[in-house]
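Per chain, numbering begins at 1; letters A, B, ... match sequence-line order.
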Protein chains: 2
Amino acid sequence: MTIDEILDNIHPLPAASKQTIKQYITAVSYPRGHILFQADRIKMTVYFIKKGFVRAYAHQGDHEVTFWFGKEGEPVISMKSYVESQKGYEDVELLEDCELYELNATDLQRLFQEDIHIANWGRRFAEQELIRTEERLISRQFRTATDRYKELLKENPDLVQRVALGHIASYLGITQVSLSRIRAEIR
Amino acid sequence: MTIDEILDNIHPLPAASKQTIKQYITAVSYPRGHILFQADRIKMTVYFIKKGFVRAYAHQGDHEVTFWFGKEGEPVISMKSYVESQKGYEDVELLEDCELYELNATDLQRLFQEDIHIANWGRRFAEQELIRTEERLISRQFRTATDRYKELLKENPDLVQRVALGHIASYLGITQVSLSRIRAEIR
DNA sequence: CCTATTATTTATCATTTGTAAAATTTTTCT
DNA sequence: AGAAAAATTTTACAAATGATAAATAATAGG
């Protein structure tokens with residue numbers, strides 16, 4: 001997925017504005033296991049996934065709880081950093097070797113003040129993250145772990161193949177044993 | 001809480017821009033029980049609570065599940081309507097007689113195209129809703145019902161007094177019986 | 001102030017989910 | 001291919017939660 005597609009997909013930009021924003025975007029690659037964001041650090045960076053899988057997780061006492069998976073075409077931010085320049089909850093880890101587009105959020109904030117099209121692009125970006133986040137909340141509040149697992153299987157069959165079951169179980173809010181039981185039932 | 005305070009609290013606006021936006025805002029009052037948003041209707045309106053309590057809930061089979069409470073100073077939107085002009089999940093009901101500020105989102109969208117300060121105000125508005133929504137998700141995913149009830153008690157003691165326990169229980173994702181057990185334990 | 005209604009708590013039992021450990025399967029490395 | 005390591009599933013039991021119904025408490029209307 002190209003950076004043009006990703007940018008336009010969020011909100012179409014006039015050619016000049018798109019050129020402006022693209023000046024601040026670079027392509028980067030990191031290996032599986034690389035930590036993109038750390039819970040205890042503010043990092044004013046926006047990534048877009050060109051290729052690969054990513055997960056966000058938080059430390060909960062002795063174990064870690066995965067609460068987001070990201071795939072090709074999706075943005076990766078630490079919301080608290082991006083929005084409030086504060087530390088967030090999460091580490092973000094690459095689940096496989098990834099190609100990413102990188103954009104410094106401080107540069108972006110300056111562009112928001114200078115270009116109304118970029119300001120509205122940034123608004124749409126936040127709005128779309130808002131909808132995604134609400135959907136995750138609704139899914140969590142209204143669907144059973146079994147249903148949510150089935151949905152994950154359907155939407156991201158490759159992810160379920162490649163990611164450790166423990167991560168998926170914590171994402172679903174259940175133990176790995178329970179997830180095994182679910183898998184046994186729907187087989 | 002005045003509309004000026006609410007607007008500036010989201011993001012400071014130059015006097016001219018604030019005047020522009022205020023032209024589209026009206027003060028309205030509705031009685032307890034009034035339905036502000038309906039799940040099956042698109043409603044392009046933004047409200048801000050001047051005074052009162054509000055809840056959002058969705059129908060889950062035969063019973064309803066409350067998933068948000070709003071109080072003085074907070075915005076009330078149907079996110080799917082506001083962001084995507086689509087039907088959302090929720091009904092929004094006034095829990096007591098309320099005074100509200102009302103703003104047509106279609107007008108607002110036009111202003112976004114015309115005034116960069118208002119565009120950035122709209123961006124900050126979405127970003128703040130994003131942080132709020134993420135916090136709700138994190139709270140749900142990482143804290144026990146008991147902890148979340150204690151937090152609700154602390155943050156909104158008056159709400160816990162005035163709202164039916166069934167609503168609070170469904171908000172916490174447990175049954176009313178379980179909530180009664182929790183209350184008995186922490187007493 | 002009393003009664004009817006509604007809301008909340010308590011009790012009992014069934015079901016679900018978790019914990020811990022063992023068994024099995026899959027993956028990795030030589 | 002075969003051994004070692006890691007991941008997943010299964011088992012047995014304990015703990016937590018839900019469902020239902022009964023008991024108690026709170027609220028509203030006359």
Please indicate whether [X] has more than 12 foreign heavy atoms, meaning atoms of other residues, nucleotides or ligands, lying under 6.0 Å from its [atom1].
| X | atom1 | answer |
| --- | --- | --- |
| Arg32(B) | CZ | no |
| His117(A) | NE2 | no |
| Arg41(B) | CZ | no |
| Lys43(B) | NZ | yes |

Could you list who else is in Leu153(A)'s hydrophobic cluster, with ILVMFWY side chains joined at under 4.5 Å, directly or through other members? Phe53(A), Phe69(A), Leu95(A), Tyr149(A), Leu152(A), Leu159(A), Val160(A), Val163(A), Leu165(A), Ile168(A), Tyr171(A), Leu172(A), Ile174(A), Leu179(A), Ile182(A), Ile186(A)
Holding to side-chain contact (heavy atoms from CB on, under 4.5 Å), I want the full list of residues that pass it with Glu155(A), two or more places apart in sequence or in another chain. Glu151(A)
Sorted by chain and residue number, the side-chain contact (heavy atoms from CB on, under 4.5 Å) partners of Thr144(A) (sequence neighbours excluded) come out as Thr146(A), Asp147(A)
With a 4.5 Å cut-off on side-chain heavy-atom distances among I, L, V, M, F, W and Y, is there a chain of contacts connecting Ile6(B) to Ile49(B)? no
Could you state the [atom1]-[atom2] distance from [X] to [N], rounded to the nearest angstrom?
| X | N | atom1 | atom2 | answer |
| --- | --- | --- | --- | --- |
| Glu185(A) | dT15(C) | CD | P | 15 Å |
| Ile182(A) | dT15(C) | CD1 | P | 19 Å |
| Leu179(A) | dT9(D) | CG | C1' | 11 Å |
| Gln176(B) | dT6(C) | CD | P | 15 Å |
| Arg183(A) | dT10(D) | CZ | P | 10 Å |

Please lay out, stage by stage, how Lys50(B) and Glu5(B) fare under the test salt bridge (Lys or Arg N to Asp or Glu O under 4.0 Å). CA-CA 10 Å; Lys50(B) 181 178 180 184; Glu5(B) 284 171 328; over 6 Å; no
Could you tell me whether Phe125(A) and Tyr82(A) have their ring centroids closer than 6.0 angstrom? yes
Under a 4.0 Å heavy-atom criterion, the protein footprint on nucleotides 17-28 of chain C, written with B, S and -, is BBBB--------
Can you sort out which residues in residues 160-168 of chain A have a heavy atom within less than 4.0 Å of DNA chain C? Ascending by number, please. none
Axis-to-axis angle across the helix from dC1(C)-dG30(D) to dT30(C)-dA1(D), five pairs an end, to 10 degrees? 50°
In terms of side-chain heavy atoms, does Asp4(A) have a donor or acceptor partner in Thr2(A) at a distance below 3.5 Å? no
